[in-house]
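Report on the following structure.
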2 protein chains.
Amino acid sequence: MSDLLERLRGRGWRMTAQRRVVAEVLDGEHVHLTADEVHARAVTRLPEISRATVYNTLGELVTLGEVLEVSTDRRAKRYDPNAHRPHHHLVCAQCGAIRDVHPSGDPLSDLPASERFGFTISGVEMTYRGVCPNCAAAA
Amino acid sequence: MSDLLERLRGRGWRMTAQRRVVAEVLDGEHVHLTADEVHARAVTRLPEISRATVYNTLGELVTLGEVLEVSTDRRAKRYDPNAHRPHHHLVCAQCGAIRDVHPSGDPLSDLPASERFGFTISGVEMTYRGVCPNCAAAA
DNA sequence: GCTTGACTTAGACATTGTCCATTGTAGGAT
DNA sequence: ATCCTACAATGGACAATGTCTAAGTCAAGC
């Protein structure tokens, strides 16, 4: 678990209580939290941590490539600590639950040159949408 | 071009000046506008149209399946009038330009049952990211 | 041309995110 | 161990986007 902290320290990240708490929150829960959810959990461990710091720290972690930003809907961005294994997402249209998925096939090779419009393609995100078993049962 | 207006009228949509203007703005420009951009263009034709009405009308068009909502980033949702041909998007990471693309292959069949977690899958969105020729030249 | 219920309006409000000036502090230097 | 200083945290204002509501307006059917 402190892999993340070790890596960060090794990159010259100045370690503060706030950053440690944010990193631990992300590292501890392998779900996809919003910035405010991260803040809420961080506050239970370090009550005086500010919202701005959480936003800053999350932004730094994204820049460092340690977490991914996921925007599956119009609402808040979510933060995905599983940045080291490429994957896509499956989202429940009703409750918003998110699962990581690993489709077969290579979507990059599915985009012919004629459809690239001269862009230099760097990646692709896939978001599958559907209804999760819980919501289907409730309906 | 008034295909859209005809279809809407045929579905019992009450036709008002505001709705007509919003539909015309979307129908006229085959780019992906934000709600506020739609509002700005609508205002030039109908100065007293309100922001709330534009939001309402866009929401109704989405519900009716006449336009698609596209969230390619954390910023505003964009509205895609090309709802009748399935397609995906290619976004410039620098300037935010969006192109419609049509990858080959079927991403739905690329998700094995073992990766579906019991979800009933209804669709998939793909967002290719890269740098457009303009931004690449400017760099 | 009435009537009526759906539509529009303006602006307050909510949510999410960013900025900035001030204060605090981690970690190297002494 | 203590001091310095650059970097980080704070909190509160601000910005961008979107939603809601109460009151007024109007399209479409009679």
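Proteins come first, then strands; the chains are lettered A, B, ... in the order of their sequence lines, and each starts at number 1.
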Counting only side-chain heavy atoms from C-beta out, which of [options] sits nearest to [X]?
X        : options                   : result
Arg14(A) : dA8(D), dT8(C), dA28(D)   : dA8(D)
Thr16(B) : dA27(D), dA8(D), dG17(C)  : dA27(D)
Ala35(B) : dT18(C), dG18(D), dT10(D) : dG18(D)
Ala52(B) : dA9(D), dG17(C), dT9(C)   : dT9(C)

Roughly how many Å is it from [atom1] in [X] to [atom2] in [N], rounded to a whole number?
X        : N       : atom1 : atom2 : result
Glu48(B) : dG11(C) : CD    : C1'   : 17 Å
Leu58(A) : dT16(C) : CG    : P     : 14 Å
Asn56(B) : dA10(C) : CG    : P     : 13 Å
Leu64(A) : dA8(D)  : CG    : P     : 11 Å
Ile49(B) : dC7(C)  : CD1   : C1'   : 11 Å
Arg11(A) : dA26(C) : CZ    : C1'   : 20 Å
Gln18(B) : dT8(C)  : CD    : C1'   : 6 Å
Arg19(B) : dC7(C)  : CZ    : P     : 4 Å

Does the [X] side chain pair with the main chain of [Y], one donor and one acceptor, at a distance under 3.5 Å?
X         : Y         : result
Arg116(B) : Leu111(B) : yes
Glu115(A) : His102(B) : yes
Arg41(B)  : Val25(B)  : no

query = Between Ala17(B) and Tyr55(B), who's closer to the 5' end of DNA chain D by nearest nucleotide?
reply =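 Between the two, 5'-proximity favours Tyr55(B).
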message = Side chains of His32(A) and Asp100(A): any donor to acceptor distance under 3.5 Å?
response =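 Looking only at side-chain atoms, His32(A) and Asp100(A) do form a donor-acceptor pair, the distance falling under 3.5 Å.
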message = Nearest heavy atom decides the nucleotide; on that basis, is Arg51(B) or Leu46(B) closer to the 5' end of DNA chain C?
response =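 So the residue in question is Leu46(B).
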query = With a 4.5 Å limit on heavy-atom distance, are the side chains of Tyr79(A) and Val62(A) in contact?
reply =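 Result yes, sub-4.5 Å side-chain heavy-atom pair found.
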